[in-house]
Amino acid sequence: VPAGEASKSLRVAGELYAWLSEQRAERADVILALGGGVVGDLAGYVAATYLRGIALVQLPTSVLAMNDAAIGGKAAVDLAAGKNLVGAFHQPRAVIADTSTLSTLPRRAYLEGFGEVIKHAMILDPELLRQLERRGQALTRANPDIDALTEVTARSARLKALIVSSDPHERGLRAILNYGHTIAHAIESVTGYSEYLHGEAVSIGMAGAARISERMGLIDEETLTRQLDLQRAFGLPLQASGLARDAVLDAMLMDKKVVDGKARFILLEGIGHAVVRDDVPAELIEETVRGLVSP
Ligand SMILES: NC(=O)c1ccc[n+]([C@@H]2O[C@H](COP(=O)([O-])OP(=O)(O)OC[C@H]3O[C@@H](n4cnc5c(N)ncnc54)[C@H](O)[C@@H]3O)[C@@H](O)[C@H]2O)c1
Ligand SMILES: [Zn+2]
């Protein structure tokens with residue numbers, strides 16, 4: 001299928017159904033999803049629905065897909081009204097990531113993927129954080145060290161698998177994977193998904209969530225600085241410019257996760273300890289967003 005988010009559509013899914021029936025695909029067949037998160041979500045959705053569901057194996061080829069999108073069984077296509085609006089939970093039989101495929105990934109897409117890896121380290125794994133700090137240079141240079149990449153990807157992907165297998169339908173624990181995403185989703189929505197790649201928006205959102213955690217006395221300044229330094233080392237943004245702060249604040253309150261006008265945040269109580277909080281004072285949210293977003 002053509003590269004790009006536009007392929008995550010009912011139209012392209014329809015073409016894949018037609019192809020599968022031409023090929024006489026059967027219940028016992030297996031769909032292999034080879035590509036980035038777009039291919040994974042699209043093929044996953046088709047596998048979840050064709051003949052009421054056939055087996056799926058994810059073969060992710062982007063950092064984001066290896067560490068996040070290919071794991072967890074969420075599959076969806078987009079509608080004109082919004083992203084991921086039609087979908088299903090359909091667990092892959094296996095996820096096989098060959099990190100050598102990452103050598104051809106465009107640089108910006110490569111670095112972006114580390115937004116979610118840093119997220120996994122901050123919410124779940126102090127040792128992964130140390131690995132990222134130690135191997136930062138080897139991972140971000142033009143020709144990344146494949147052993148470092150494999151070590152970090154294996155560890156980070158395992159964390160996501162651990163969380164989603166203990167909460168496959170997103171009823172509880174899985175919520176902590178939304179660290180940085182309250183603000184990220186608002187930034188993506190205000191910019192119409194055009195300005196920032198997802199991992200970049202998450203990076204800005206994580207800078208906000210860590211700052212809120214620090215201001216609420218949950219983490220010390222050193223922890224905040226460690227996270228921000230690591231984000232910088234991976235070339236990820238900590239701030240957004242060219243967008244209206246009020247628009248971002250409004251978009252946060254429009255989010256489906258808002259209950260009783262209270263935005264829900266995943267905060268840190270330390271490295272590897274995330275908590276869900278809906279009691280962040282409105283003034284602190286405003287002040288934080290003002291620090292992150294400039295017109
Ligand atoms: N299902 C989930 O849980 C989940 C989680 C996060 C994101 N997603 C989805 O994932 C998608 C984003 O995934 P992505 O960041 O992988 O984007 P993508 O699939 O669009 O890939 C980015 C670009 O890199 C190209 N590419 C992929 N692998 C390559 C390689 N090895 N060498 C050269 N080029 C390569 C792609 O063709 C594309 O142009 C979004 O649609 C998002 O909604 C899903
Ligand atoms: Zn994400």
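Atoms within each ligand, like the ligands themselves, are counted from 1 in listed order.
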Which protein heavy atom lies closest to [atom], and at what distance to 0.1 Å?
atom                    : result
atom 17 (O) of ligand 1 : Gly37 N, 4.1 Å
atom 30 (C) of ligand 1 : Thr104 OG1, 3.6 Å
atom 16 (O) of ligand 1 : Ser62 OG, 2.6 Å
atom 18 (P) of ligand 1 : Val38 CG2, 3.9 Å
atom 38 (C) of ligand 1 : Ala3 CB, 4.3 Å
atom 21 (O) of ligand 1 : Gly36 CA, 4.3 Å
atom 5 (C) of ligand 1  : Ala69 CA, 3.5 Å
atom 26 (N) of ligand 1 : Leu105 CD1, 3.7 Å

Does the pair [X]/[Y] count as a salt bridge with the N-to-O cut at 4.0 Å?
X      : Y      : value
Glu151 : Arg155 : no
Glu112 : Arg108 : no
Arg245 : Asp250 : no
Arg226 : Asp229 : no
Glu5   : Lys83  : yes
Glu116 : Lys160 : no

- [ ] Could you tell me whether Asn84 approaches ligand 1 through its side chain, its backbone, both or neither, with non-hydrogen atoms closer than 4.0 Å?
- [x]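 Answer for Asn84: side chain.
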
TODO: Of the side chain and backbone of Ala109, name the one, both, or neither that has a heavy atom under 4.0 Å from an atom of ligand 1.
DONE: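 It is neither part, as no heavy atom is under 4.0 Å.
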
Are [X] and [Y] linked, directly or through other ILVMFWY residues, by side chains that come within less than 4.5 angstrom of each other?
X      : Y      : value
Leu105 : Val95  : yes
Leu268 : Leu224 : yes
Leu79  : Tyr193 : no

TODO: Check ring pair (Phe, Tyr, Trp, His ring centres under 6.0 Å) between Phe234 and all other residues, then give those that pass, not counting sequence neighbours.
DONE: Phe114

Between [Y] and [X], is there a side-chain donor-acceptor contact under 3.5 Å, judged purely by atom types and distance?
X      : Y      : value
Thr223 : Asp220 : yes
Thr49  : Tyr17  : yes
Glu188 : His198 : yes

Give the atom numbers and elements of ligand 1 that come within less than 4.0 Å of a heavy atom of [X].
X      : answer
Lys83  : 40 (C), 41 (O), 42 (C), 43 (O)
Leu64  : 7 (C), 10 (O), 12 (C), 13 (O), 14 (P), 15 (O)
Glu5   : 40 (C), 41 (O)
Asp41  : 1 (N), 2 (C), 8 (N), 9 (C), 43 (O), 44 (C)
Thr101 : 30 (C), 31 (N)

TODO: Assess whether atom CZ of Arg52 is packed by more than 12 heavy atoms of other residues, nucleotides or ligands within 6.0 Å.
DONE: no

Open item on the list: Could you check whether atom CD of Glu127 has more than 12 heavy atoms from other residues, nucleotides or ligands sitting under 6.0 Å from it?
Closed with: yes

Task: Among Thr61, Ile71, Val63, closest by any non-hydrogen atom to atom 27 (C) of ligand 1 - done: Thr61

- [ ] Run down the list Val164, Asp68, Leu177 and name the one with the heavy atom closest to atom 6 (C) of ligand 1.
- [x]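 Heavy atom nearest to atom 6 (C) of ligand 1 belongs to Asp68.
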
- [ ] Identify which protein N/O/S atoms are less than 2.8 Å from the Zn ion (ligand 2).
- [x] Glu116 OE2, His181 NE2, His198 NE2

Open item on the list: Quick check on atom 23 (C) of ligand 1 - does any protein heavy atom sit closer than 4.0 Å to it?
Closed with: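 No; the ligand atom in question lacks any protein heavy-atom contact below 4.0 Å.
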
